[in-house]
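What you see is a predicted model; the values in this text were computed from it and never measured.
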Amino acid sequence: MSASPLPSTVPTRKLLCLSLAVALCGAAASAQAQQPTVEQLQQRLERLERLAGVSGDAAVEGGGLADLDQRLRILERRLELQEEERVAAARAAPKITVDQKGAAFKSGDGNYELKLRGLLQGDARVFLGDSSQNDTFLLRTARPTLEGSLGTLVAYRFTPEFAGDSASIVDAYADLRFDPAYTVRMGKFTSPVGLERLQSSSALVDVERALASELAPNRDLGVQLQGEAAKGRFSYALGLFNGAVDGRDAVTSNPDDDFEVAGRVFFEPLKGTDSAWAGLGFGLGASSGGKHGAGSNFLPRYRTPGQATFFSYRGTVLADGSHRRWSPQGWFYRNGFGLQGEYIVSQQQVARDGRRAELDHRAWQATASYVLTGEDAGYRGVTPSRPFGSNGGLGAFELTARYGVLDIDDAAFPFYADPATSASRVRAWTLGANWYLTANLRLATNYLYSRFDAAAGGAALPAEKAVFSRLQVSF
């Protein structure tokens, strides 16, 4: 039995109401599943107009269509408001990112952020010939890092070190970011003197740092004003610190009443241009302060790149007066070629048994590298363009060479240092190869050779020969 058609006597207005009810119910039912677009609502209106026929009593039909159009516009606006609320909620929702740079958690407005990063370095060390050091496997670095921002003004970084016999704090500081041209940093961080000291250990082209870094302070506690201008072509730092000994971190508190002023200016005059010299940078770092006391918190021990101590003061020697450093430094990077060098002088007043002297120690180093696979060399390391295992990629390969000298003041011998156990000069060179499998994984191998000059009245220490290898994971 077939359904009978609607009687011809059904008024057009009733037909319009029926159609409107069907349209509104359909729209409401689908609003939760999917929101119709403006174009879809317009198409529905046109279909209803055709259904009405637009004939006969124009006033009735026109009034019905006007009422239908008004209701459809109300529904359309409600849907638009729902979409605006959805977009606003999406913007306010926190964002989570996990990539080769680690994990990041950021608020919807981008003002609050927490990043989780890490660095693991495992070494294999083999000493050749007559060496007092043992061949060994070594966990050189195990550092997780938390860094981020607290609003637009405050940034922070916290890095503990778990390698070695006990845990320690490497970095722990907060930045007040008033402007890129002037930011205030407070806490524990690297003193702004040595070029290589300021370079992340994950970006070093060689396994260990050069001889010049033995005369530069490492991490210290203090407050520093820093910034950059002219699109990064000029940067500076000036700070007040407790004062660290050459080549080492400062202790957790100031061991005496003396402080140290340290600063650095650096220029990259052609940065961002097409010039062949766009990768040129040069600057000057310096520090000045006082130290008064005995022991490792006041006087340094100097080591070779193979981490063997070749100079130390006698146990009865005191740091007794001013301690000044200055260091001209620079780099040049172009395509796969990199060259980095620095010269540093450390002048320190010492005393023993009523006698005083100002000793003047000097060091310099030059490091060259070349990336064989076409990637750009840089102060922050190398990123392979074709990572290993990705579409047949093999990663990036780099060759390195370095030479350095550290000269001890002759006046240190024999009264302030024992010529039988300390050398007056060390010359060291290193040859190396790096394989960057991915942006996070690197294999490095170095051959190190150090030759010593004997102090007056002493015998020359045996040459140091070693092969260091490193597996590094960073993110």
Side-chain angles (χ1 to χ4, degrees), residues 101 104 106-107 109-115 117 145-159 170-200 202-203 216-244 250 259-275 277-289 324-334 340-342 344 376 378-381:
K101 296 181 180 180
K106 184 183 293 188
S107 63
D109 58 9
N111 291 332
Y112 294 85
E113 185 174 18
L114 170 63
K115 295 180 181 178
R117 306 182 65 184
T145 293
L146 297 176
E147 61 183 8
S149 59
L150 299 172
T152 58
L153 180 62
V154 179
Y156 62 89
R157 180 183 176 96
F158 176 72
T159 303
V170 177
D171 290 316
Y173 61 80
D175 288 344
L176 300 180
R177 302 180 296 185
F178 299 107
D179 188 271
Y182 43 90
T183 294
V184 176
R185 177 168 291 180
M186 300 171 292
K188 183 178 182 181
F189 51 93
T190 304
S191 181
V193 178
L195 178 66
E196 192 186 47
R197 279 292 175 195
L198 290 167
Q199 187 175 22
S200 170
S202 64
N218 196 17
R219 289 173 171 86
D220 207 343
L221 285 87
V223 58
Q224 174 176 285
L225 177 66
Q226 62 187 37
E228 61 180 35
K231 298 181 179 180
R233 296 174 184 173
F234 169 72
S235 60
Y236 74 93
L238 180 64
L240 180 66
F241 301 89
N242 284 345
F259 290 95
E260 185 170 86
V261 177
R264 178 176 183 260
V265 291
F266 202 80
F267 302 88
E268 297 175 77
L270 299 175
K271 181 179 181 179
T273 70
D274 295 330
S275 170
W277 297 95
L280 174 67
F282 55 88
L284 178 69
S287 68
S288 179
R324 299 183 300 272
R325 308 179 186 94
W326 55 276
S327 174
Q329 54 199 242
W331 68 50
F332 176 69
Y333 295 103
R334 178 167 173 78
Q340 179 178 309
E342 60 186 312
I344 186 167
D376 289 338
Y379 185 69
R380 292 176 175 81

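- Residues Leu238 and Val261 are in side-chain contact: their nearest non-hydrogen atoms beyond the backbone lie under 4.5 Å apart.
- Atoms CG and CH2, on Leu270 and Trp277 in that order, are 10.0 Å from each other to the nearest 0.5 Å.
- A distance-only check finds a donor-acceptor pair linking the side chain of Asp220 to the backbone of Gly243 [under 3.5 Å].
- Contact of the Tyr156 side chain with the Leu150 side chain is registered, since non-hydrogen atoms from C-beta on lie closer than 4.5 Å.
- Between the side chain of Arg219 and the backbone N or O of Val170 there is at least one donor-acceptor pair closer than 3.5 Å.
- The two residues Phe259 and Leu240 have their closest heavy-atom pair at CB-CD1, 3.8 Å.
- Residues Arg380 and Ala203 approach most closely at C-CB, 3.6 Å, considering heavy atoms.
- Residues Tyr379 and Leu198 are in side-chain contact: their nearest non-hydrogen atoms beyond the backbone lie under 4.5 Å apart.
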Show the numbers, then the answer: is there a side-chain contact (heavy atoms from CB on, under 4.5 Å) between Glu342 and Val193? CA-CA 11 Å; Glu342 60 186 312; Val193 178; over 6 Å; no

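- In this structure, Ala172 and Phe158 approach most closely via the heavy-atom pair CB-CD1, 4.0 Å.
- When Ser191, Ser288, Ser287 are each tested for a side chain to side chain donor-acceptor pair (under 3.5 Å) with Arg325, only one passes: Ser287.
- Rounded to the nearest 0.5 Å, atoms NZ (Lys106) and CG (Leu114) are 12.0 Å apart.
- Val154 places a side-chain heavy atom less than 4.5 Å from the side chain of Leu176.
- More than 12 non-hydrogen atoms from other residues, nucleotides or ligands lie less than 6.0 angstrom from OH of Tyr236.
- Put simply, CD on Gln224 and OG1 on Thr190 are 9.5 Å apart, with the number rounded to the nearest 0.5 Å.
- A distance of 11.5 Å separates CG of Leu284 from CG of Leu195, quoted to the nearest 0.5 Å.
- Using a 4.5 Å cut-off on side-chain heavy atoms (C-beta onward), Trp326 and Ile344 make no contact.
- In this structure, CZ in Phe332 is found 7.0 Å from CG in Leu280, a value given to the nearest 0.5 Å.
- Of the candidates Phe282, Phe267, Phe266, Phe234 forms a ring-ring contact (aromatic ring centres under 6.0 Å, His included) with just one, namely Phe267.
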Run the side-chain contact (heavy atoms from CB on, under 4.5 Å) test on Leu221 and Phe241 for me, step by step, so that the C-alpha distance in whole Å, both residues' side-chain angles and the decisive distance to 0.1 Å come before the verdict. CA-CA 6 Å; Leu221 285 87; Phe241 301 89; over 6 Å; no

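- Heavy atoms only, all atoms of each residue included: Lys115 and Ala104 are closest at CG-CB, 4.1 Å.
- Listed by first and then second residue, the side chain to side chain donor-acceptor pair (under 3.5 Å) pairs involving residues 145-155 are Arg117-Glu147, Thr145-Thr159, Glu147-Arg157 (not counting sequence neighbours).
- The list of salt bridge (charged side-chain N to carboxylate O under 4.0 Å, His left out) pairs with a residue in residues 181-199, not counting sequence neighbours, reads Asp175-Arg185, Glu196-Arg402.
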